[in-house]
There are 2 protein chains.
Amino acid sequence: MRPENETDGQPKRSFIEQARRAQIIAAAVEVIAEVGFVKASLARIAAHAGISKGVISYHFAGKEELMAQIVTQVYSDISEAVVPRILAEENHNAMIRRHIIAVAEHMSGHRDQIAALGEIFSHLRKDNGEPYFDTDSSAPLYEGLEGLYRSGQESGAFRDFDPRVMAVTQQSAIDAMFAYWVANPGHDLDAHAAELAELFDRATRASDTD
Amino acid sequence: MRPENETDGQPKRSFIEQARRAQIIAAAVEVIAEVGFVKASLARIAAHAGISKGVISYHFAGKEELMAQIVTQVYSDISEAVVPRILAEENHNAMIRRHIIAVAEHMSGHRDQIAALGEIFSHLRKDNGEPYFDTDSSAPLYEGLEGLYRSGQESGAFRDFDPRVMAVTQQSAIDAMFAYWVANPGHDLDAHAAELAELFDRATRASDTD
DNA sequence: CTAGATTCTGGCCATGCGGCCAGAAAATGA
DNA sequence: TCATTTTCTGGCCGCATGGCCAGAATCTAG
């Protein structure tokens with residue numbers, strides 16, 4: 001039996017439980033990165049972690065929760081590493097460049113994480129079959145970029161484009177960069193990021209005549 | 001029993017067989033677009049087409065071949081509609097713009113097709129679990145864009161960027177546009193395409209000082 | 001030391017899937 | 001008309017999966 005501490009809000013977790021959850025998440029990331037979402041069964045993840053299958057069921061409500069936790073974990077790692085570096089920049093043009101370059105630099109040391117994230121994004125579905133992560137659930141992510149674009153437009157650093165379209169495009173360009181890198185490990189990630197930074201700088205920057 | 005005409009090269013197909021294959025492909029596209037790849041079982045596709053499940057097995061070697069045929073079909077439709085319009089342009093900058101706008105115009109009347117295509121791309125795997133369509137299998141697609149970029153660079157229309165990165169980025173931007181549109185049917189596809197055309201024109205165009 | 005809470009094991013079960021097949025039905029052609 | 005080929009039906013089979021549970025093992029506190 002599982003202790004019921006979920007009377008309100010967040011369940012309390014013992015240290016052992018936190019450690020187990022972290023271990024399972026780490027194992028799941030490695031397995032998904034290696035064999036893909038579809039073949040990453042609970043049995044396989046458990047075997048990779050050196051534990052029994054039931055342990056996963058014990059610590060997570062189901063496969064869905066495990067996957068969602070992976071996404072949460074990776075996302076917060078990224079934010080922690082990238083956001084401060086963006087905010088350290090002093091003008092909007094530099095912030096755009098920094099966003100792309102910082103996330104690439106961070107991910108270059110965490111390839112399994114970004115590979116697993118891509119798999120989960122495209123495969124995880126709710127029971128009714130709808131995507132777990134669509135453009136709406138990513139809204140907070142886009143809103144950050146959109147806000148940056150809008151304020152840059154107000155300051156005159158950026159030309160007059162549709163911020164939503166630009167945000168969707170920049171995010172997709174970054175995702176594609178990682179997908180390409182995951183499929184082609186020899187690819188030069190930093191060089192790719194530098195190209196993207198130049199690309200979006202030119203695409204967003206106000207013309208001299210504007 | 002199935003007649004064996006596959007002695008060499010392409011199997012001969014009767015008119016009835018061609019019609020059935022087309023019917024099944026059409027049904028599969030609709031089902032995938034509606035319920036997603038994972039829930040699009042052969043049984044469901046057959047029911048939607050009003051035929052027995054075995055018919056699909058009879059006309060296609062397996063689910064894999066059916067999915068591959070869908071991709072082939074949709075791709076050739078796109079090429080037929082878009083390529084001539086690109087070639088009709090007279091300079092490289094206009095060709096880039098036309099590529100984006102023409103594909104969006106074509107797809108605006110074929111939403112199920114592009115929705116199914118996205119599902120198949122991200123879900124279809126070989127037996128060994130590897131993606132059926134990765135960046136390498138899309139190489140012919142990229143090579144077309146890359147060639148366009150290179151010749152534009154030689155002519156001086158484009159600045160000096162990495163053609164591979166630009167091709168991957170432009171394709172991902174277009175894919176993201178469709179994905180956003182599929183998830184948000186009210187989205188203005190033509191306006192989005194116009195924004196992208198402007199974006200990539202600015203990103204690729206040679207500076208006055210180059 | 002001991003009782004109770006916590007964590008783990010290993011296997012069972014229902015479900016849904018794709019592939020397959022024997023025989024029915026329909027089309028073909030002489 | 002009737003034999004032969006082509007097409008279709010409906011169900012069966014093996015397989016893999018995620019969820020679940022009874023009982024064992026381990027830890028904790030009094």
Side-chain angles (χ1 to χ4, degrees), chain A residues 1-7 11-24 27-28 31-32 35-70 119-120 123-129 132, chain B residues 1-6 11-24 27-28 31-32 35-70 120 123-129 132:
Chain A
M1 266 295 110
R2 191 148 198 301
E4 296 191 11
N5 293 324
E6 311 137 43
T7 55
K12 305 167 193 168
R13 303 197 200 284
S14 71
F15 287 107
I16 286 187
E17 181 159 9
Q18 287 189 29
R20 263 285 184 266
R21 284 173 64 100
Q23 177 197 10
I24 293 168
V31 172
I32 295 170
V35 303
F37 183 93
V38 177
K39 305 196 88 150
S41 62
L42 294 185
R44 203 159 182 164
I45 294 170
H48 188 75
I51 58 177
S52 171
K53 195 176 55 142
V55 184
I56 300 180
S57 297
Y58 179 76
H59 287 286
F60 294 89
K63 197 179 187 183
E64 228 178 77
E65 197 216 332
L66 171 57
M67 297 299 158
Q69 286 304 313
I70 293 174
E119 282 287 308
I120 295 172
H123 286 88
L124 188 58
R125 303 290 162 116
K126 300 174 191 166
D127 285 338
N128 63 30
Y132 210 91
Chain B
M1 266 294 112
R2 190 146 199 301
E4 295 189 13
N5 294 323
E6 311 137 41
K12 305 168 193 166
R13 302 196 200 285
S14 70
F15 286 108
I16 286 186
E17 180 158 10
Q18 287 190 29
R20 263 284 184 268
R21 284 173 65 98
Q23 178 197 9
I24 292 168
V31 171
I32 295 170
V35 303
F37 183 94
V38 178
K39 305 196 89 150
S41 62
L42 294 185
R44 204 158 182 165
I45 293 169
H48 187 73
I51 56 178
S52 170
K53 193 175 57 142
V55 184
I56 300 180
S57 298
Y58 179 75
H59 288 286
F60 294 89
K63 196 180 187 183
E64 229 179 77
E65 198 216 330
L66 171 58
M67 296 300 158
Q69 286 304 312
I70 294 174
I120 295 173
H123 287 88
L124 188 59
R125 302 291 163 115
K126 299 174 191 166
D127 285 338
N128 63 29
Y132 209 91

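Since we're looking at a predicted model, the values are computed, not measured. The chains referred to below are lettered A, B, ... by the order of the sequence lines, with proteins before strands, and numbering in each begins at 1.
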| task | When you get a sec, tell me which of C/dC8, D/dT17, D/dG10 is the closest nucleotide to the side chain of A/Val55? | result | C/dC8
| message | Please report the distance, rounded to the nearest Å, between CZ in B/Arg21 and P in D/dT7. | response | 12 Å
| query | Within this structure, what is the CG-to-C1' distance between B/Asp127 and D/dC15, rounded to whole angstrom? | reply | 14 Å
| note | Out of C/dG10, D/dC12, D/dG19, minimum distance to the side chain of A/Ser52 belongs to C/dG10
| remark: Whole-Å distance, A/Ile56 CD1 to D/dG18 C1', equals 11 Å
| said: Are the side chains of B/Tyr132 and B/Met67 in contact, using a 4.5 Å heavy-atom criterion? | reply: no
| Of the listed nucleotides C/dC8, C/dC20, D/dG18, the one nearest the side chain of A/His59 | C/dC8
| message | If you only use heavy atoms from C-beta on, which nucleotide in C/dG18, D/dC8, C/dC8 is closest to the side chain of B/Lys53? | response | C/dG18
| message | I want to check one thing: is the phosphate of C/dC8, taken as OP1 and OP2, less than 4.0 Å away from some side-chain N or O of A/Arg20? | response | yes
| task | Can you figure out which of C/dC8, D/dG18, D/dT6 approaches the side chain of B/Tyr58 most closely? | result | D/dT6
| request: Can you label the angle between the B/His123 ring and the A/His123 ring as parallel, tilted or perpendicular, going by 30° and 60°? | output: perpendicular
| task | Could you tell me the separation between the CZ atom of A/Phe37 and the P atom of D/dT17, rounded to a whole number of Å? | result | 12 Å
| query | Nearest-Å distance, NZ (B/Lys126) to P (C/dG18)? | reply | 20 Å
